[in-house]
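In what follows, a single structure is set out as structure tokens and then discussed.
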Amino acid sequence: MEKQNSLERICQALAAIPKGRVVTYGDLAEMAGYPRAARLAGQTLRKLPRGTKLPWHRVINAQGRISLPEPGASRQREKLEREGVILLKGRVDMGKYRWKP
DNA sequence: TGTTTGACGCTCC
DNA sequence: AGGAGCGCCAAAC
């Protein structure tokens with residue numbers, strides 16, 4: 001029986017996101033098995049340690065924008081661009097980068 | 001056990 | 001097109 005907490009599941013879903021692609025919090029939550037729980041995804045990611053190997057930066061809101069307050073926002077943007085995800089006007093082209101399996 | 005909180009999403013103005 | 005408000009879900013207090 002999977003006694004896995006949301007953290008575990010979210011992490012797994014997160015690890016499934018290919019490089020150069022992004023997903024919304026809602027999608028991530030759904031992938032983790034919590035449809036409609038987009039907020040949960042965000043709150044869970046918030047707990048992740050800094051040196052996390054997980055691609056937490058590939059998660060953005062449905063508007064294609066970075067939801068993080070300042071400290072991490074810049075960091076996330078840099079990581080995304082580094083993977084090839086271009087932010088135009090601080091926005092990501094969901095039509096192209098949104099992970100669509 | 002009940003209430004509040006969020007790295008959200010969608011609709012309406 | 002941009003901004004505001006209401007709704008959802010699970011975890012934390």
Side-chain angles (χ1 to χ4, degrees):
Chain A
M1 344 272 234
E2 292 96 37
K3 196 100 179 280
Q4 306 193 351
N5 8 352
S6 58
L7 184 70
E8 291 280 328
R9 310 187 74 159
I10 295 289
C11 286
Q12 294 210 20
L14 193 57
I17 304 171
K19 187 186 103 179
R21 289 293 165 94
V22 296
V23 297
T24 68
Y25 292 92
D27 289 342
L28 183 64
E30 188 175 9
M31 288 161 62
Y34 295 92
R36 304 297 169 240
R39 286 178 170 273
L40 176 65
Q43 257 187 139
T44 305
L45 293 179
R46 188 181 184 277
K47 298 169 190 165
L48 293 176
R50 299 180 187 171
T52 282
K53 59 178 181 175
L54 296 169
W56 59 269
H57 52 273
R58 291 176 192 156
V59 185
I60 57 182
N61 60 32
Q63 300 174 16
R65 275 205 179 257
I66 297 178
S67 298
L68 270 75
E70 252 326 302
S74 302
R75 213 145 28 83
Q76 180 171 17
R77 187 177 61 187
E78 187 178 341
K79 284 172 180 268
L80 285 174
E81 292 192 349
R82 189 183 246 179
E83 293 190 351
V85 180
I86 304 169
L87 279 83
L88 198 54
K89 283 295 199 295
R91 284 181 248 169
V92 176
D93 189 330
M94 300 304 280
K96 292 181 181 178
Y97 299 106
R98 189 177 190 184
W99 187 41
K100 250 198 152 249

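Every chain is numbered from 1, with letters handed out A, B, ... down the list of sequences.
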In whole angstrom, what separates [X]'s [atom1] from [N]'s [atom2]?
X	N	atom1	atom2	result
A:Glu8	C:dA11	CD	P	13 Å
A:Arg65	C:dG3	CZ	C1'	12 Å
A:Glu30	C:dA10	CD	P	13 Å
A:Tyr25	C:dA10	OH	C1'	17 Å
A:Ile66	B:dG6	CD1	P	20 Å
A:Ile10	B:dA7	CD1	C1'	12 Å
A:Leu7	C:dA10	CG	P	16 Å

* To do: Examine A:Met31 and A:Leu54 and state if one hydrophobic cluster contains both, with Ile, Leu, Val, Met, Phe, Trp and Tyr joined whenever side-chain heavy atoms are less than 4.5 Å apart.
  => yes
* To do: Please check if A:Leu40 and A:Trp56 belong to a single hydrophobic cluster, counting links between Ile, Leu, Val, Met, Phe, Trp and Tyr side chain heavy atoms closer than 4.5 Å.
  =>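 Different hydrophobic clusters.
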Should [X] and [Y] count as side-chain neighbours, where that means a heavy-atom distance under 4.5 Å?
X	Y	value
A:Leu28	A:Thr44	no
A:Tyr97	A:Arg58	no
A:Val85	A:Asp93	no
A:Cys11	A:Leu48	yes

* Asked: Run the side-chain hydrogen bond (donor to acceptor under 3.5 Å, both in side chains) check on A:Ser74 and A:Glu78 step by step: do they pass?
  -> CA-CA 6 Å; A:Ser74 302; A:Glu78 187 178 341; over 6 Å; no
* Asked: Just one of A:Leu68, A:Leu14, A:Ile10, A:Thr24 clears the side-chain contact (heavy atoms from CB on, under 4.5 Å) bar with A:Val59, so which one?
  -> A:Leu14
* Please tell me which of the listed nucleotides, C:dA11, C:dC9, C:dG2, lies nearest to the side chain of A:Arg91? => C:dG2
* Tell me which nucleotide among B:dA7, C:dA11, C:dC8 gets nearest to the side chain of A:Ser6. => C:dA11
* To do: For A:Glu81, look at atom CD and say whether over 12 heavy atoms of other residues, nucleotides or ligands are found less than 6.0 Å away.
  => yes
* To do: Can you check whether any acceptor in the base of C:dA10 is under 3.5 Å from a donor in the side chain of A:Tyr34, or vice versa?
  =>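 Side chain to base: no pair below 3.5 Å.
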* Could you check which residues of residues 40-60 of chain A get a heavy atom under 4.0 Å from DNA chain B? Sort them by number, please. =>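 Of all residues in residues 40-60 of chain A, the ones placing a heavy atom under 4.0 Å from DNA chain B are A:Gly42, A:Gln43, A:Leu45, A:Arg46, A:Trp56.
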Return the polar atom pairs (N/O with N/O) between nucleotides 10-13 of chain B and the protein under 3.5 Å, or none.
none

